[in-house]
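Here's the structure we're looking at; comments come further down.
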Number of protein chains: 2
Amino acid sequence: MDMKFQPIGREAITELLRVHGITPTSQRVKIAGILFAERAHFCAEQVYARVNEDDAEVSKATVYNTLGLFVAKGLVRQVFVEPGKVFYDSNAHPHHHFYDTGSGELTDIDALGVALHELPPLPADTELDSVDVIVRIRQRQPKIRPA
Amino acid sequence: MDMKFQPIGREAITELLRVHGITPTSQRVKIAGILFAERAHFCAEQVYARVNEDDAEVSKATVYNTLGLFVAKGLVRQVFVEPGKVFYDSNAHPHHHFYDTGSGELTDIDALGVALHELPPLPADTELDSVDVIVRIRQRQPKIRPA
DNA sequence: GTTAGACTTAGAACAATTCTAAGTCTATAA
DNA sequence: TTATAGACTTAGAATTGTTCTAAGTCTAAC
């Protein structure tokens, strides 16, 4: 088990939202609770499914609005690995990703384990937003002699 | 001007398709011609627009089919930077990308200029597919003192 | 010339996301 | 306590990018 990961309580989530300038409505707290409950990457559909596991309480529009707000406020980060699917990543530590092209699973790579040097100078009048490294992997095929 | 870039002629494109095991139909040659005519990154819509600049000769379905085929055959590479938009990249040299989050412009970074070391070991029974590095940049804001 | 298979097509279907317009909540002021 | 304004949420429609489907066209081999 990864000792660095700590799920956080409800009050802590409320505080986290406030700190990021987000009014903690019940829907937002619930969604944040899901995102921070475990080290995982969810897409909007999955968040929507989880948030409504019992009875439908949060609309799809709110899920999208809220995730968008969290991104804008820097609470979570989007990861693009496939067309037409965005993952939301609540891991605040600098890190990158393995993406299993077969299963669609996304897992973290600690940025400390990746040395990225010598980026060329940025184009004029631009500033760095983020550096995304996605290592695409696939299940190894049992070796079959090509025909 | 970048001396390494050479647009290629029609015969060379036909040959390129053949070498990749792609039957060179007129539509495919036309689409490949667009992709390789200049160092640029196109999304499917842009390819569709260009291929039909004069009169509509290639259907949208064929554009998508063809781009998908080119990807499957390793002729071009997909780049994901935004939800709901795939770029197709005909640059065969190892390289990464700057992505201007404001303008949506994608530009190449020669991989030789980026040292990526010490990737952690891949998960069991997986093999490397590719490593995508996307450096997100934005236009620098003129400095305004925060209120 | 036939024919089989590959290719292309228009348009329908689809999935993820965003928009819209109306309704609800909540914090503050009276 | 009630009124009110603005923020928030909602269902469902609309939009966007992409894939599917079924029919038609082309081409290469016989």
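Each chain gets a letter, A, B and so on, in the order its sequence line appears, and its residues count up from 1. Keep in mind the model is a prediction, meaning the values are calculated, not measured.
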Residue list, side chain to side chain donor-acceptor pair (under 3.5 Å) with [X], at least two apart or on another chain:
| X | answer |
| --- | --- |
| B/Thr62 | B/Ser59 |
| B/Asp129 | A/Arg138 |
| B/Gln139 | B/Asp100 |
| A/Glu105 | none |

Sugar-phosphate or base contact per nucleotide [nucleotides 24-30 of chain D; S, B, -; heavy atom under 4.0 Å]: -------

Per-nucleotide protein contact string for nucleotides 5-19 of chain C (B base, S sugar-phosphate only, - none; heavy atom under 4.0 Å): --SSBB-----SBBB

Residue pairs fulfilling ring-ring contact (aromatic ring centres under 6.0 Å, His included) with at least one residue in residues 43-71 of chain B, sequence neighbours excluded: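 Counting only pairs at least two positions apart or across chains, no ring-ring contact (aromatic ring centres under 6.0 Å, His included) contact touches residues 43-71 of chain B.
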
Worked verdict on A/Val133 versus B/His96 for side chain to side chain contact (heavy atoms under 4.5 Å, CB included): CA-CA 10 Å; A/Val133 178; B/His96 305 303; over 6 Å; no

Whichever hydrophobic residues join B/Leu106 through chains of side-chain contacts under 4.5 Å: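 Direct or chained contacts put B/Leu106 with B/Val79, B/Val81, B/Phe87, B/Tyr99, B/Ile134.
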
List, one per line, each side-chain donor-acceptor pair under 3.5 Å for residues 11-20 of chain B, sequence neighbours excluded.
residue	atom	partner	partner atom	Å
B/Thr14	OG1	B/Arg10	O	3.1
B/His20	ND1	B/Leu16	O	2.9

Nucleotide D/dG17, atom P - distance to CZ of A/Phe80 in whole Å: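 Between P of D/dG17 and CZ of A/Phe80: 15 Å.
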
Please tabulate, for side-chain N and O atoms in residues 27-35 of chain B, each donor-acceptor pair with protein atoms closer than 3.5 Å (sequence neighbours left out).
residue	atom	partner	partner atom	Å
B/Arg28	NH1	B/Thr23	O	2.9
B/Lys30	NZ	B/Val51	O	3.2
B/Lys30	NZ	B/Glu57	OE1	2.8
B/Lys30	NZ	B/Glu57	OE2	3.3

Under the side chain to side chain contact (heavy atoms under 4.5 Å, CB included) test, residues paired with A/Asn91 that sit two or more places apart: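 Scan of A/Asn91 (side chain to side chain contact (heavy atoms under 4.5 Å, CB included), adjacent residues dropped) gives A/Arg39, A/Asp89, A/His93, A/His95, A/Asp108.
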
Angle of first-five versus last-five pair axes in the helix from C/dG1-D/dC30 to C/dA30-D/dT1, to 10 degrees: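 Helix axis angle between the two ends: 10°.
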
